[in-house]
2 protein chains.
Amino acid sequence: MAISDYFTRFLQLRDELSARDLELLREIPTTVRTYDSGEEVVSVGAHTRSCLMVRGLTGRVNRIVGKADARAITALHVPGDFVDLHAFVLKKLNHSVVAFGQVEVEFVEHADLVRMTESFPHLTRLFWMTTAIDAAIHRQWLFASSVLRSSAHLAHLLCEMYLRMEMVGVARDYTMTLPLLQRELADILGYSPIHINRAVRDLRDRKLVRWQAAEVEILSWHGLTQLARFDPTYIEVERRPR
Amino acid sequence: MAISDYFTRFLQLRDELSARDLELLREIPTTVRTYDSGEEVVSVGAHTRSCLMVRGLTGRVNRIVGKADARAITALHVPGDFVDLHAFVLKKLNHSVVAFGQVEVEFVEHADLVRMTESFPHLTRLFWMTTAIDAAIHRQWLFASSVLRSSAHLAHLLCEMYLRMEMVGVARDYTMTLPLLQRELADILGYSPIHINRAVRDLRDRKLVRWQAAEVEILSWHGLTQLARFDPTYIEVERRPR
DNA sequence: CGGCAAATTGACACATCTCAAAGCCTGTGG
DNA sequence: CCACAGGCTTTGAGATGTGTCAATTTGCCG
């Protein structure tokens, strides 16, 4: 198999791909796998391949040393995201990646990525950019967790996830599927599950969202972005030569 | 001028550099500049060069759109850090970089980095790794801000900063210079300055640190790391072929 | 229908914020 | 050498945000 169209689209939103670039992307061999909800897609430790999301939602889970139940989810990944591409240069990860709902991923061998970096600098820079966008999202999460209170913080997450999903075409009409339990939202935003529940209720009461199990409908994009002070520039959507 | 030894050391802690690699690093031209406390080293927006820390401490500052005083500091940088190398692939930054205390940096032109990526894949991967380590630190900050309460959170920052400074040789004997006001610590950790003050007092009361203006002495590394549940693996110090 | 996990609610405890005031340090000018 | 001003640190008290515990309700699935 070859690298999925989602990732190609992700790159094309940020830079022009030459015919040669596209051909090279198609030549990278991949292995497809599916996972059920809760399964570990990538485990803690050393790796010789990285995975690319094709379908569903995954998250990076950091657990605390020694203490069983303390965990944080430090990133979420939608189709088109190169989930653990950073493992290509880090070699070893201190977090795992788990599936939220049914998930399909493609694995790319690091050996093939080394070959790419040896001969194709433009694609290399674009892959590098991919990990830099992840880092920009991390900074935005830090910013949000520092500046926003619970409802606004949750609203920020919804804005980001909708925009990211809409950009690659897995969400539209201000509606998305977000298969996260309130307990998992708590691990993402750093609140207790009960407080997440109150934040969800608050967004409902303000008529900003309709939220039924995993189905989220944004009733007022304007209201939600305003509450969250959401500024999407960090998602880096401009097409520029890189 | 050529790239500073601190950065070379930073890389050598993570991978072996060949004679050719070292030579190439020396050939990259740089421009040195110094800044006074509070000055903006890098501004928000597009850039054609990135900067490398030589002396002092800098931080990345995210400001909120429209609202004057809400700001967060999403990263700190010590000598050897390639502060905004991510701008090489992102092209545009949504944060600024400011100096904490007197600072000396070297600027590297992106044009020179492009040349490097065109011909020297090993160094390219190491530069890429540098930004991936930044991202790993971001994730650890997210984790800390999600899991730790104020004193432990502050302790975590101290552990990290000491270790990073000790590794490149600008701190030793469990003593470091950290020219941050309590207001700035507040922007880093997401608390109010008053609460930071109480956290500092708590660490003092527990006999974990002596802290006088910018001089921090860690009285019990063991106690501090235990309180912070500090696990340094994320700083990625193992030497591996990359 | 019953059973389970998740979502929801309420009450209270704890963490953190805000406002206000006092203390401390340092540089400056008399 | 002293007095003062300004910025930072420290402290206190009350308000708000968030966590914990316990119980109830809901929704799904066997």
Side-chain angles (χ1 to χ4, degrees), chain A residues 36-38 57 64 67-73 98 100-102 144-158 177-206 209-216 227-228, chain B residues 36-38 57 64 67-73 100-102 144-157 177-206 209-216 227-228:
Chain A
D36 283 330
S37 195
L57 183 72
I64 207 154
K67 201 150 181 196
D69 54 346
R71 68 172 212 168
I73 294 169
V98 304
F100 298 123
Q102 272 230 337
S145 99
S146 166
V147 165
L148 305 176
R149 318 282 87 206
S150 51
S151 307
H153 196 176
L154 176 58
H156 193 280
L157 182 71
L158 294 180
T177 302
L178 202 65
L180 293 168
L181 302 178
Q182 294 187 352
R183 162 165 42 89
E184 288 153 354
L185 286 166
D187 291 337
I188 294 166
L189 299 175
Y191 297 101
S192 66
I194 288 112
H195 208 68
I196 291 292
N197 187 283
R198 292 192 261 251
V200 171
R201 177 168 37 151
D202 185 44
L203 294 186
R204 283 193 186 115
D205 289 350
R206 292 167 186 253
V209 300
R210 196 173 298 155
W211 193 332
Q212 178 69 13
E215 296 306 309
V216 181
L227 175 64
Chain B
D36 283 330
S37 195
L57 183 71
I64 207 152
K67 201 150 181 198
D69 55 345
R71 69 173 212 166
I73 294 170
F100 299 122
Q102 271 230 338
S145 99
S146 166
V147 165
L148 305 176
R149 313 286 88 205
S150 52
S151 307
H153 196 176
L154 176 59
H156 193 281
L157 181 72
T177 302
L178 202 64
L180 292 167
L181 302 179
Q182 294 188 353
R183 161 165 41 90
E184 288 152 356
L185 287 166
D187 291 337
I188 294 166
L189 299 177
Y191 298 100
S192 66
I194 289 114
H195 208 68
I196 291 293
N197 186 283
R198 292 192 254 256
V200 171
R201 176 169 37 152
D202 186 44
L203 295 185
R204 283 193 187 117
D205 289 351
R206 292 168 185 254
V209 300
R210 196 173 300 156
W211 193 332
Q212 178 70 11
E215 297 306 309
V216 181
L227 175 64

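Convention: sequence-line order gives letters A, B, ...; per-chain numbering from 1. Atoms considered below: every heavy atom in the structure, side chains included; atoms not considered: hydrogens, waters and symmetry mates. None of the values given here were measured: they were computed from a predicted structure.
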Around atom CZ of A:R204, are there more than 12 heavy atoms of other residues, nucleotides or ligands at under 6.0 Å?
-> yes
B:R198 side chain N/O closer than 4.0 Å to the phosphate oxygens (OP1, OP2) of C:dT16?
-> no
Look at A:R204 and C:dA7 and indicate whether a side-chain polar atom (N or O) is within less than 4.0 Å of OP1 or OP2.
-> no
Between P of D:dG19 and NE2 of A:H195, the distance in whole Å = 6 Å
Gap between atoms CG and C1', on A:L180 and C:dA6 respectively (whole Å) | 14 Å
Between C1' of C:dT26 and CD of B:Q212, the distance in whole Å = 13 Å
D:dC8 phosphate, OP1 or OP2, under 4.0 Å from B:R183 side-chain N/O | yes
First locate atom CZ of B:R201, then atom CG of B:L203, and finally report the distance between them rounded to the nearest 0.5 Å.
-> 11.5 Å
Charged N-O contact under 4.0 Å between A:R198 and A:D202 | no
Starting from C1' on D:dT18, measure out to NE2 on A:H153 and report it in whole angstrom.
-> 14 Å
For B:L181 and D:dG7, what is the distance between atoms CG and C1' respectively, to the nearest whole Å?
-> 9 Å
Taking only the side-chain nitrogens and oxygens of B:S150, find out if one of them lies under 4.0 Å from OP1 or OP2 of C:dT16.
-> yes
Quickly work out the B:Y191 OH to D:dG17 C1' distance and round it to whole Å.
-> 13 Å
Hey, is the side chain of B:R149 poking within less than 4.0 Å of OP1 or OP2 on C:dT16, counting only N and O atoms?
-> yes
Comparing A:I196 and B:V200 on DNA chain D - which has the more 5′ nearest nucleotide | B:V200
To the nearest angstrom, how far is B:L189 atom CG from C:dA15 atom P?
-> 17 Å
Short side-chain N/O contact from B:N197 to OP1 or OP2 of D:dT9, under 4.0 Å | no
Salt-bridge contact A:D187-A:R183 (side-chain N to carboxylate O under 4.0 Å) = no
Taking C-beta and beyond as the side chain, do B:D36 and B:Q102 meet within less than 4.5 Å on heavy atoms?
-> yes
Atom pair distance, as rounded to whole Å: CD1 in A:I194 and P in D:dC21 = 9 Å
